[in-house]
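In what follows, chains are A, B, ... by sequence order, proteins preceding strands, each numbered from 1. Values reported hereafter were calculated over all heavy atoms of this structure, with side chains retained and with hydrogens, waters and symmetry mates removed.
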Amino acid sequence: MLLKDVADTSAAVAGVSGRLAKIDLLAGCLRRSAPAEAEVVASYLAGELRQRRTGLGYASLRDLPPPADAASLQVLEVDAAFAAIGELSGKGSTAARRERFRDLMARATPAEQRLLAALVSGELRQGALDGVLTEAVARAAEVPAADVRRAITVAGALVPVAAAVLAAGPDGLAQFRLTVGSPLRPMLASPAPDIAEALQRTGEAAVEWKVDGVRVQIHRDGNDVAVFTRTLDDITGNVPELAEAALALPVRSVVLDGETIALDPSGRPLPFQRTGSRVSSRVDVATARAKVPLSLFVFDALHVDGTDLIGAPGIDRWAALSAVVPASARVPRLVTVSVDEAQAFFDDALAHGHEGVIVKGLDVPYEAGRRGAGWLKVKPRHTLDLAILAAEWGHGRRQGWLSNLHLGARDPSGAYGPEGGWVMLGKTFKGLTDQMLTWQTAELLSLADGPTDGWVVHVRPELLVEVAFDGVQTSPRYPAGVALRFARVLRHRPDKPAAEADTIDSVLAIRGPVHA
DNA sequence: AATGTCTGCCCC
DNA sequence: ATTCTGC
DNA sequence: GCAGAATGGGCAGACATT
């Protein structure tokens with residue numbers, strides 16, 4: 001199959017808005033692919049290269065050669081080219097990669113160049129990724145979508161399932177079962193504003209500490225252990241203490257879901273940055289471990305000694321978990337119908353330095369790969385009134401709007417610059433409706449302090465926004481050494497004078513209890 | 001040797 | 001990660 | 001209710017540049 005077919009399909013998918021129309025187009029392309037090509041075609045239509053690491057990215061897209069006139073690239077040769085590029089390493093490899101990529105791009109038509117650039121940068125915007133493509137695979141293979149979805153959740157990835165079912169039909173799905181040692185997509189939680197609302201939605205619930213660490217899925221089969229992250233990256237080598245913990249359990253085989261976090265000697269959480277740094281260190285793990293040991297908080301069991309528990313109610317999975325994991329490695333948990341009891345448990349979690357709680361309906365099965373309504377996360381929220389210092393022009397559906405806002409706190413004493421100046425605390429684009437974007441674009445252009453045709457439009461710091469955020473984290477890049485975590489706009493404050501904006505001192509004061 | 005750029009189905 | 005929007 | 005899009009801060013590690 002020519003790459004042109006995939007590129008044309010993607011462009012056509014982007015050009016229609018209906019979900020069913022997108023599915024039709026995608027299924028047609030999948031059907032036209034030969035069995036040996038199905039994996040590559042499914043990958044590209046899902047917006048991913050088949051290679052996990054190519055060393056190419058956004059910066060590789062500068063200075064591209066002019067496109068070819070005629071389509072000649074086969075999907076399999078493109079895949080082979082990326083594989084070869086991914087294998088380059090060592091001195092000179094960056095230049096060699098760029099050169100090989102340029103050669104590939106020189107053979108691509110304009111439409112193909114657009115597709116390849118999107119795949120390399122990971123930004124294929126066609127209104128259809130895994131979710132819609134799953135339906136298209138089902139359509140092309142003439143099997144029920146629910147069966148394909150089930151296979152994908154236990155396989156952890158769409159592409160191998162697509163290849164199998166397109167090649168062998170329904171029989172191709174049989175091989176995809178929960179396999180100890182092979183990761184599945186973790187279940188995620190939806191946000192809820194507070195405890196009362198969460199409990200009202202779930203009814204009687206298990207309320208668990210929300211530990212601010214890194215999600216881990218631990219598989220043990222006999223003496224073999226593997227640890228995976230939320231994106232199913234294998235980090236077994238980085239976290240030997242978790243492997244040891246799994247090997248110490250009185251089981252032959254088990255799949256556990258939980259959170260790992262670095263605690264200080266008194267048992268309080270260290271800032272998330274410390275946990276993140278530790279978990280992603282892989283060169284000198286022994287030293288890293290000695291300096292920052294990891295603790296484990298398990299909250300689910302998906303498999304225990306030959307029994308799959310994914311479909312079982314949460315309360316039964318917890319019972320199975322409790323039978324094999326000691327209380328010291330389980331997340332603190334309370335089952336209740338009482339809002340007051342749940343609220344007290346939430347307050348206690350915060351008092352211990354944790355992020356909040358997860359509220360889980362008792363009957364909820366493990367909905368792998370879904371952000372279900374059965375698990376609700378509740379976290380406290382801070383707010384500040386900050387000035388907009390600048391704004392960046394948006395892309396995609398935000399083209400033509402000033403979107404990403406630079407936020408600053410007032411610095412009355414001039415601790416970080418001129419007296420009465422502003423200290424930047426980060427950026428945000430979240431929380432803005434189309435209506436707010438329209439309004440702020442006009443407003444900010446009227447406050448512009450310099451050119452408005454560049455990427456960043458600087459403005460006089462006169463418009464305030466009320467911003468919500470989860471905490472204050474230390475920052476190597478912003479002037480006060482702090483940045484807001486997960487900042488989002490709640491509303492504009494044209495009613496409030498800039499002289500009354502919150503100050504950098506009030507931001508630094510928040511840092512203590514609910515740090516990063 | 002120090003510093004800078006870039007990438008990562010990164011982590012959150 | 002969080003949030004909004006179209007389906 | 002889901003899936004997709006639009007983007008945030010910070011980290012380690014590989015390689016390039018000075």
Side-chain angles (χ1 to χ4, degrees), chain A residues 17-22 43 46-60 88-97 119-135 156-159 188 190-191 212-216 229-233 235 238 259-260 271-284 288 355 370-373 377 379 381 392 394-399 401 403-407 425-437 468-478 482-490 516:
Chain A
S17 66
R19 200 180 141 86
L20 296 175
K22 289 177 192 283
S43 271
E48 299 163 5
L49 294 173
R50 234 163 46 84
Q51 294 71 26
R52 200 173 176 93
R53 282 166 189 265
T54 58
L56 299 170
Y58 184 76
S60 324
L88 295 169
S89 72
K91 205 170 173 190
S93 59
T94 300
R97 273 198 189 101
L119 293 173
V120 162
S121 64
E123 294 180 341
L124 186 68
R125 287 168 184 123
Q126 58 184 16
L129 294 171
D130 271 28
V132 176
L133 190 58
T134 298
E135 308 276 334
L158 178 146
V159 167
L188 306 174
S190 302
D212 190 15
V214 170
R215 185 85 177 261
V216 284
T229 64
R230 192 164 93 92
T231 51
L232 312 188
D233 251 3
I235 54 162
N238 301 12
E259 196 85 3
T260 188
F272 171 75
Q273 287 151 303
R274 302 285 300 279
T275 296
S277 151
R278 167 61 215 279
V279 167
S280 53
S281 293
R282 55 191 148 92
V283 168
D284 186 358
E355 230 193 333
R370 308 218 146 226
R371 191 179 292 281
K377 55 174 140 187
K379 299 194 271 187
R381 201 185 71 170
E392 296 169 12
H395 292 88
R397 81 176 298 287
R398 290 200 174 183
Q399 187 125 40
W401 279 322
S403 170
N404 201 1
L405 304 176
H406 297 199
L407 303 171
L425 292 171
K427 308 179 192 178
T428 187
F429 55 91
K430 295 173 185 140
L432 298 161
T433 62
D434 290 1
Q435 198 186 347
M436 289 162 82
L437 286 161
F469 59 100
D470 281 15
V472 176
Q473 59 191 350
T474 64
S475 166
R477 82 168 74 181
Y478 289 111
V482 292
L484 303 183
R485 194 176 188 203
F486 309 141
R488 59 266 189 193
V489 174
L490 296 179

| query | Just wondering, do A:V472 and A:L484 contact through their side chains at under 4.5 Å, heavy atoms? | reply | yes
| Rounded to the nearest Å, what distance is computed from the CG atom of residue A:N404 to the P atom of nucleotide D:dG8? | 4 Å
| task | Name the nucleic acid region contacted by A:Q126, choosing base, sugar-phosphate or nothing; use a 4.0 angstrom heavy-atom cut-off, strictly under. | result | sugar-phosphate
| request: Please state how far atom OH in A:Y478 lies from atom P in D:dG10, giving the value in whole angstrom units. | output: 7 Å
| message | Please encode protein proximity along nucleotides 13-18 of chain D as a string of B, S and -, counting only heavy-atom distances under 4.0 Å. | response | S-SS--
| field | Side chain A:R278, main chain A:N238, donor-acceptor under 3.5 Å | value | yes
| task | For D:dG10, give its Watson-Crick or G-U wobble partner with both distances under 3.5 Å, or none. | result | B:dC10
| Between the side chain of A:Q273 and the main-chain N/O of A:Q473, is any donor-acceptor distance below 3.5 Å? | no
| task | Check the distance between D:dC11's C1' and A:I235's CD1 and give it to me in whole angstrom. | result | 14 Å
| message | For D:dC11 and A:Q273 - does any side-chain N or O of the residue sit under 4.0 Å from the phosphate oxygens OP1/OP2? | response | yes
| query | Sub-3.5 Å donor-acceptor pair from the side chain of A:S190 to the main-chain atoms of A:G372, do we have one? | reply | yes
| Heavy-atom pair of closest approach, residues A:L490 and A:R381 | CD1-NH2, 3.8 Å
| query | At under 4.0 Å between heavy atoms, what does A:A373 touch on the DNA or RNA strands: base, sugar-phosphate, or nothing? | reply | nothing
| Test item: A:F272 and A:R485 side chains (from C-beta on) under 4.5 Å apart, heavy atoms | yes
| field | Separation between the P atoms of B:dC9 and B:dT5, rounded to whole Å | value | 22 Å
| note | With syn defined as a glycosidic angle within 90 degrees of 0 and anti as anything else, the base of B:dC9 is syn
| query | With a 4.0 Å cut-off on heavy atoms, is A:L232 in touch with a base, just the backbone sugar-phosphate, or nothing at all? | reply | nothing
| query | Just wondering, do A:I235 and A:V216 contact through their side chains at under 4.5 Å, heavy atoms? | reply | yes
| request: Go through DNA chain B in 5' to 3' direction and return only the first and the last nucleotide with some atom under 4.0 Å of chain A's heavy atoms. | output: B:dC6 to B:dC12
| said: Over all strands shown, is A:G213 touching base, sugar-phosphate only, or nothing at heavy-atom distances under 4.0 angstrom? | reply: sugar-phosphate
| request: Assign A:G276 to base, sugar-phosphate, or nothing according to its heavy-atom contacts below 4.0 angstrom with the strands shown. | output: nothing
| Is there a donor-acceptor contact under 3.5 Å from the side chain of A:T428 to the main chain of A:A487? | yes
| A:R97 side chain to A:T54 main-chain N or O, any donor-acceptor pair under 3.5 Å? | yes
| said: How would you summarise protein contacts on nucleotides 1-7 of chain C per nucleotide, using B for base, S for sugar-phosphate only and - for none, with heavy-atom distances below 4.0 Å? | reply: BBSSS-S
| request: For A:V279, answer base if it contacts any base atom (sugar-phosphate contacts may also be present), sugar-phosphate if it contacts only those atoms, and nothing otherwise; contact means non-hydrogen atoms under 4.0 Å. | output: nothing
| A:F272 has an atom CZ; how far is it from atom P of D:dA12, in whole Å? | 12 Å
| request: Assign A:T275 to base, sugar-phosphate, or nothing according to its heavy-atom contacts below 4.0 angstrom with the strands shown. | output: nothing
| message | Checking base pairs now: Watson-Crick or wobble, both atom distances under 3.5 Å. What partners D:dG4? | response | C:dC4
| Closest approach of A:D470 to A:R488 (non-hydrogen atoms, all atoms of both residues) | OD1-NH1, 2.9 Å
| message | Using a 4.0 Å heavy-atom cut-off, does A:A59 contact any base of the nucleic acid, only the sugar-phosphate backbone, or nothing at all? | response | sugar-phosphate
| Side-chain N or O of A:R370 closer than 4.0 Å to phosphate OP1/OP2 of D:dA3 | yes
| query | Is the shortest heavy-atom distance from the side chain of A:R397 to the side chain of A:L437 under 4.5 Å? | reply | no
| Polar side-chain atom of A:E392 near backbone of A:N404 as donor-acceptor pair, under 3.5 Å | no
| query | Pick one: which of A:L188, A:T260, A:T231 meets side chain to side chain contact (heavy atoms under 4.5 Å, CB included) with A:R215? | reply | A:L188
